[in-house]
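To keep things clear, I will list the structure first and then write my remarks on it.
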Amino acid sequence: MLEAHYNHRFIEHKWQQIWREKLLYRVENETIAGKPKYYVLDMFPYPSGAGLHVGHPLGYIASDIFSRYKRLNGFNVLHPMGYDAFGLPAEQYAIQTGQHPAKTTEDNIKRYRKQLDRVGFSFDWTREVRTCDADYYQWTQWIFKQFFNHWYNSRSGKAEPIDNLVAIFEHEGNINVLHQGDEAPKFIAEEWLDFSVAKKEDILQKYRLAFRKKTTVNWCEELGTVLANEEVKDGVSERGGYPVVKKSMWQWFLRITAYADRLLKGLDTIDWSDSIKDMQRNWIGKSEGALVHFSIDGKTEKLPIFTTRPDTIFGATFMVLAPEHEWALTLPDADHKAEVKQYVEHALNRSERDRMSDVKHVTGVFTGRYCKHPFTGELIPIWIADYVLGGYGTGAVMAVPAHDSRDFAFAKQFNLPVIQVIEGSEPFDGSASYDAKEGRCIKSDFLNGLPVKEAIQKAIEAVEEKRIGSRQVNYRLRDAGFGRQRYWGEPIPILYVDDVPTPLADRDLPLELPEVSSYKPTGTGESPLAALDTWVETEDGNRETDTMPGWAGSSWYFLRYMDPENEDVLASREAISYWGQVDLYVGGAEHATGHLLYSRFWTKFLYDIGIVPFEEPFKKLVNQGMIQGVVESLYLKKEKVDGQSVFTCTSLLTPEKIEEEYTKIPILVDFVQDYEKTDSPSYLNLESLKLFVDWRPEFQNAVFECSNGTWQNGIFDPKAKSYEPKFFTVSEVGKMSKRWFNVVNPDDICEEYGADTLRLYEMFLGPLEDSKPWSISGIDGVYRFLRKFWKLFVDKNGNYIPDESTPSKESLKTLHATIKKISDDIERISFNTCVSTFMIAVNELSAQECKSKEILDSMLILLSPFAPHIAEELWEAGGHTNSIVLAQWPRFQEKYLVEDSKLYPVSINGKTRTQLEFPLDMPKEEMEKHVLADEVVVKWLEGKTPKKVIIVPGRIINLVV
RNA sequence: GCCCUGGUGGUGGAAUCGGUAGACACGCAGGACUUAAAAUCCUGUGACCAUUGCGGUCGUGCGGGUUCAAGUCCCGCCCGGGGUACCA
């Protein structure tokens, strides 16, 4: 009945089928006989056309091991999977081929599912979600509506219904309202009641958590579309490399800034890596300082600025406004108007690329106006310069060149005075600014002698006393753009009734994505939906044609898994309170400031409006590292020689030559010899060269200058009486992607070695969180381990070995040491050491010739989270009728590990010289006697008496001479 | 620049609380079985010196320090990876 040799193909196919038929991994939303719940989640994938590569399952394998482990330990485990199915690549593909994105997405999902199934995951597929299903995005739209219908009350510190706000307005205007949002003009109740509907909405927009704002977007003329920040690299479009300029447009936003402080504070309550938390902290960028109003000479308005260094106010020698500042054009005096206008226009129209490549170049223009220094009364000039950001603070700064390097560079450029007001430990020589927040104030009147920190407080107090400013906190975080001018996304459920944005009624949700004839951008900056007049125009008004960004659906998907088929709510209250927070979330660190921040934001909002009973979605987060690939490429001469392409071997090139004359052409790694070896260079031989030109026919007649001759059209002309062509390639470590032709498909590994080997091997590669290049070398070791494991159970003739014999003391010790180590290591997500532990255990049990079923069955359970197929097969062979998934994790018993003696390392001056065995209960004094009498110790003491003898019971003995 | 990481044999990595550095595996070398190969099994494998047996010296990026004892803690550097970048 059993095969004598481990046959992964048969076993894995068999069990995957049984698991599927029996719905073995299905979970119920209820406490089964007092089982506690545990929620393990993976970041769901975007189903791209390329399929999975070996890097994708890394995190899934880890979470699967953890889920199975928790299940065996008596938890009711929710471990679902789904698809983040809206997104650009499908749309891009649709534009190129005319295929509906829904169709390609469906195809890709099928392929993903097949690949995932092959790895043997324990997902509960009955709970699958897809963000592009109307049943799903109906709730994404519903949440958007809630954002629209709420505002952030700073007094209560949470989101509240907009109707409450309107009631307040009708009662007392907005005089007493404190909110997180845009500044709104003050009005009283009577005025509010008189406002037109449009005017009211204009005001409400400054409060709503989902609102519209006119902003600059990244406009790419060539692509005829607006690009997200992520799609712009170095000032040009990531795809195609076309120039990107700024364009002003109305856009939907979510007011994440209202939650900035709570997002910051919440970080202290969750178990995430420091690096991710830090990234979020930096991204939110809280800075405390002061808002100070400087009076403008000859004007009644005051210029507000934000500074974190009010202690340096006596060193302020000029003011600077951003070119985007609302006064930039109105402030300058007559003599400077024209010049300023020219500068501002130029600065605003510069493309991203110009601005980026020009960071070093300091520019600016004087307005002809002056501010009055609030303490000295001196006049200080107001400038306009693009080094000041329009969107941060008030878009204006007081420049303190002596203590801010940016102001310093500007002062040097335009010959403005530099006044030192902080004395640090180093002398100030005027060649550079002193930016450190250390030292004491000088030349600063009432601040003199104070250390920086105290001076900041005192300066703020002084400013407040003078009623020219106040303490203020600023955040770097910006409100999140929520509209995309794209087709393949959730339609925003808004109708413009007489130009007033109005959400659809709940009964009209989902607002389904209509069919369009073309997925191409309209060229006007609107989404392809805008061309569909029949859809846009309704009886009540025109529809919003923007769709939601990719992160909309993924911001709350973890809730839908709890109750995926609910038609009345996004998930029932019972389901949400039963499953609660995600206990373990596994995914890539690249989502640090995107998905992971947005999910936290949405969760906090849903908490405020009473949908979820917790503020943080993911209790513990583990970031798996990236599995990189080897990128192989060839050097091609930029210029053809005699009309022919010429490739040159790396051994014939110098770095300068490469820089000037060559470009890199990537090659399918499979063609390259030794590409996996780190110790020898990779190269192309006769066969590889043929493969390459067949693969890239445009290089059919290319010349290959090899290290030892020239190859062309299949003919090799050796330099000397040489042997075979050898053409060395460039090897780099990079992303595994279709683009670099280095994708390793998990299916191939499953076919050759099996899913169990793939699972173990991916874990064995190293710590989960580390990035590492994929290499097949070493996989044999893991495969060999499984075969050895098999041989513990099955003899040469296919007979089942284990029997009811009494386990030996040694075997019990091996088993319990293994139980302890595996349990501990799984708990701390150290799966690579688990694999080593299994190898050690199998080596030991083999040596002991262990036949005890009791021991071996326990080993099966321990291994089952890692290699479920082989474990299930051998479990069944042992006569068990229930799946091993339903077994119980073996109980660790200390008594089998207790030793009565210990082989102590004995060191002299910290260096181990010998080993001596002593009973663990021997008193220190007696041990010391034995140690001092030892031959080796005596030799090392050279007749001297040790100064000190350190004996740490159960650990070590050290003698100091 | 700033923030976060990491640096250990030929390779991937282990050492969880400061207590025998290099577990486990790959690779390599030698051997057994075999007509042969594959598979399997056994032995060795940080470097250097010694090698007849012992043994010895050095060694966790570099330089200091704390300690009976440092890969692990502290100070100062060097290098790689990731994030972020005029955020006042």
Side-chain angles (χ1 to χ4, degrees), chain A residues 5 273-283 285-287 289 305-310 312 320 322 355-356 359-360 362 385-389 391-400 403-407 409-410 435 474-478 589-590 592-593 623 625-626 628 676-679 733 761 764-767 769-773 775-782 784-785 787-788 791 821 824-825 827-828 830 832-841 843 846 903-915 946-952 954-961:
Chain A
H5 296 284
S273 73
D274 286 339
S275 64
I276 298 278
K277 285 190 188 182
D278 266 317
M279 271 188 226
Q280 293 210 345
R281 282 192 193 104
N282 293 341
W283 192 259
K286 180 177 184 169
S287 49
I305 59 102
F306 174 73
T307 178
T308 54
R309 295 294 305 273
T312 61
V320 192
R355 219 164 159 170
M356 308 268 284
V359 178
K360 293 271 133 55
V362 182
D386 67 359
Y387 82 89
V388 172
L389 298 174
Y392 183 77
T394 62
V397 301
M398 68 172 194
V400 184
H403 303 292
D404 183 290
S405 48
R406 296 153 304 182
D407 297 340
F410 194 81
D435 293 15
N474 251 310
Y475 297 93
R476 203 191 78 124
L477 185 72
R478 306 294 171 79
E590 66 272 23
T593 53
N623 298 111
M626 220 186 1
Q628 297 146 319
E676 278 209 322
K677 295 195 181 164
T678 40
D679 49 347
V733 169
Y761 183 58
F764 191 57
L765 280 173
E769 309 209 2
D770 292 2
S771 285
K772 48 234 153 190
S775 151
I776 197 90
S777 72
I779 199 167
D780 287 324
V782 171
R784 243 171 251 162
F785 155 75
R787 279 196 308 230
K788 266 195 210 172
K791 285 207 289 195
K821 177 83 175 141
D824 289 354
D825 283 1
E827 292 284 354
R828 63 184 183 106
S830 173
N832 54 330
T833 51
C834 286
V835 182
S836 302
T837 304
F838 283 126
M839 288 171 169
I840 293 167
N843 289 345
S846 302
L903 189 61
Y904 282 90
V906 179
S907 45
I908 319 282
N909 287 335
K911 280 186 188 161
T912 311
R913 296 303 180 184
T914 187
Q915 298 188 330
K947 276 187 210 152
K948 210 172 174 184
V949 180
I950 292 132
I951 296 175
V952 185
R955 283 194 176 263
I956 202 167
I957 297 166
N958 190 16
L959 285 84
V960 190
V961 183

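Here is the naming used below: chain letters follow the sequence lines, and residue numbers restart at 1 for every chain.
A:Ile956 places its CD1 atom 16 Å from the P atom of B:U72, with the value rounded to the nearest Å. What separates OH of A:Tyr904 from C1' of B:A69 is a distance of 16 Å, to the nearest Å. Between A:Arg784 atom CZ and B:C41 atom P the separation is 8 Å, expressed in whole Å. If you take CD of A:Gln280 and P of B:C4, they are 16 Å apart, rounded to a whole angstrom. Rounded to whole Å, atom C1' of B:A88 lies 6 Å from atom CG of A:Asp404. Separating the CH2 atom of A:Trp283 from the C1' atom of B:A85 is a distance of 11 Å, rounded to the nearest angstrom. Taking atom CD1 on A:Ile276 and atom C1' on B:G83, their separation rounds to 9 Å, with Å as the unit. A:Asp780 places its CG atom 18 Å from the P atom of B:G12, with the value rounded to the nearest Å.
Among B:G19, B:C58, B:C3, the nucleotide with an atom closest to any side-chain atom of A:Asp278 is B:C3. Of the candidates B:A15, B:U20, B:C24, the closest approach to any side-chain atom of A:Met839 belongs to B:C24. Of the candidates B:C86, B:A85, B:U57, the closest approach to any side-chain atom of A:Leu389 belongs to B:C86. Of the listed nucleotides (B:C86, B:C24, B:U20), B:C24 has the atom at the smallest distance from the side chain of A:Phe764. Taking the side chain of A:Asn282 as heavy atoms from C-beta on, and the options B:A14, B:A88, B:C3, the nearest nucleotide is B:C3. The side chain of A:Asn832 lies closest to B:G13 when the candidates are B:G13, B:U20, B:U40. Candidate nucleotides B:U40, B:A15, B:C41 were compared by shortest atom distance to the side chain of A:Lys788, and B:C41 ranks first. Ranking B:U20, B:A88, B:G83 by closeness to the A:Met279 side chain, first place goes to B:G83. Of all nucleotides listed (B:U84, B:C26, B:G19), B:C26 comes nearest to the side chain of A:Ser777. Among the nucleotides B:C17, B:C58, B:C24, the one closest to the side chain of A:Asn843 is B:C24.
Checking the phosphate oxygens (OP1, OP2) of B:C58, a side-chain nitrogen or oxygen of A:Lys911 falls inside 4.0 Å. The phosphate of B:G83 has neither OP1 nor OP2 within less than 4.0 Å of any side-chain N or O from A:Thr593.
Residue-level contact check: A:Glu590 touches neither bases nor backbone, having no heavy atom under 4.0 Å from any strand. Among the protein residues, A:Ser275 comes within range of the sugar-phosphate backbone only, with heavy atoms under 4.0 Å from sugar or phosphate atoms but none that close to a base. Contacts of A:Ser907 with the nucleic acid, taken as non-hydrogen atoms under 4.0 Å apart, are absent. Across all strands shown, A:Arg913 has heavy atoms under 4.0 Å from sugar-phosphate atoms exclusively, and none from any base. Using a 4.0 Å heavy-atom distance criterion, A:Ile950 is classed as a base contact. Base engagement by A:Val952 is indicated by at least one non-hydrogen atom pair under 4.0 Å involving a base atom. Counting any heavy atom pair closer than 4.0 Å across all strands shown, A:Arg787 reaches sugar-phosphate atoms only and no base atom.
Nucleotide B:G80 carries an anti base; the chi torsion (O4'-C1'-N9-C4 or O4'-C1'-N1-C2) is more than 90° from 0. Using a 90° window around 0 for the glycosidic torsion, B:C17 falls inside it and is classed as syn.
Checked by atom type and distance alone, the side chain of A:Ser907 pairs as donor or acceptor with a backbone atom of A:Ile957 at under 3.5 Å. Remark: side-chain polar atoms of A:Asn958 are not paired, donor with acceptor, to backbone N or O of A:Ile950 under 3.5 angstrom. In this structure, the side chain of A:Asn474 does not engage the main chain of A:Ser287 through any donor-acceptor pair within 3.5 Å.
When every heavy atom of A:Gln280 is checked against every heavy atom of A:Ala592, the shortest pair comes out as NE2-O, 2.8 Å. Contact between A:Val362 and A:Phe410 at its shortest, heavy atoms only, is CG1-CD1, 3.4 Å. Between A:Ala399 and A:Val320, the shortest heavy-atom contact is CB-CG2, 4.2 Å. In plain terms, the two heavy atoms of A:Val960 and A:Asn909 that are nearest each other are CA-OD1, 3.5 Å.
Residues A:Met398 and A:Arg828 both approach RNA chain B. Their nearest nucleotides, taken by heavy-atom distance, put A:Arg828 toward the 5′ side. Sequence order on RNA chain B of the closest nucleotides to A:Ile779 and A:Leu477 puts A:Ile779 first from the 5' end.
When both pairing distances are held under 3.5 Å, B:U57 makes a Watson-Crick or G-U pair with B:A47. In a base pair of the Watson-Crick type (N1 to N3 plus N6-O4 or O6-N4) or a G-U wobble (N1-O2 and O6-N3), with each distance short of 3.5 Å, B:U52 is matched with no nucleotide. Within the shown strands, nothing qualifies as a pairing partner of B:G71 under the Watson-Crick or G-U definition with both distances less than 3.5 Å. Searching all strands for a Watson-Crick or G-U wobble partner of B:A32 with both distances below 3.5 Å returns B:U40. Under the Watson-Crick or G-U wobble criterion, with both distances below 3.5 Å, B:C26 is paired with B:G10. The partner of B:U84 is B:G1, by the rule that a Watson-Crick or G-U pair needs both atom distances under 3.5 Å.
Separation of the C1' atoms belonging to B:C17 and B:G7 is 24 Å when rounded to the nearest angstrom. B:G6 sits 37 Å from B:C42 when the P atoms are compared, rounded to a whole Å. For B:C49 and B:G59, the C1' atoms lie 14 Å apart once the distance is rounded to whole Å. The same atom, C1', is picked in B:G9 and in B:C26; the two are 13 Å apart, to the nearest Å. Nucleotides B:A50 and B:U57 have their P atoms positioned 16 Å apart, rounded to a whole Å. Taking the P atoms as reference points, B:A14 lies 14 Å from B:C24, given to the whole Å. Remark: the separation of the C1' atoms in B:G83 and B:U67 is 37 Å, to the nearest Å.
Taking the six-membered ring where tryptophan is involved, the planes of A:Tyr392 and A:Phe306 are perpendicular, since the angle between them exceeds 60° and thus also 30°.
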*asked:* The test is salt bridge (charged side-chain N to carboxylate O under 4.0 Å, His left out); show your working for A:Lys277 and A:Asp274 and say whether it passes.
replied: CA-CA 5 Å; A:Lys277 285 190 188 182; A:Asp274 286 339; 5.3 Å; no

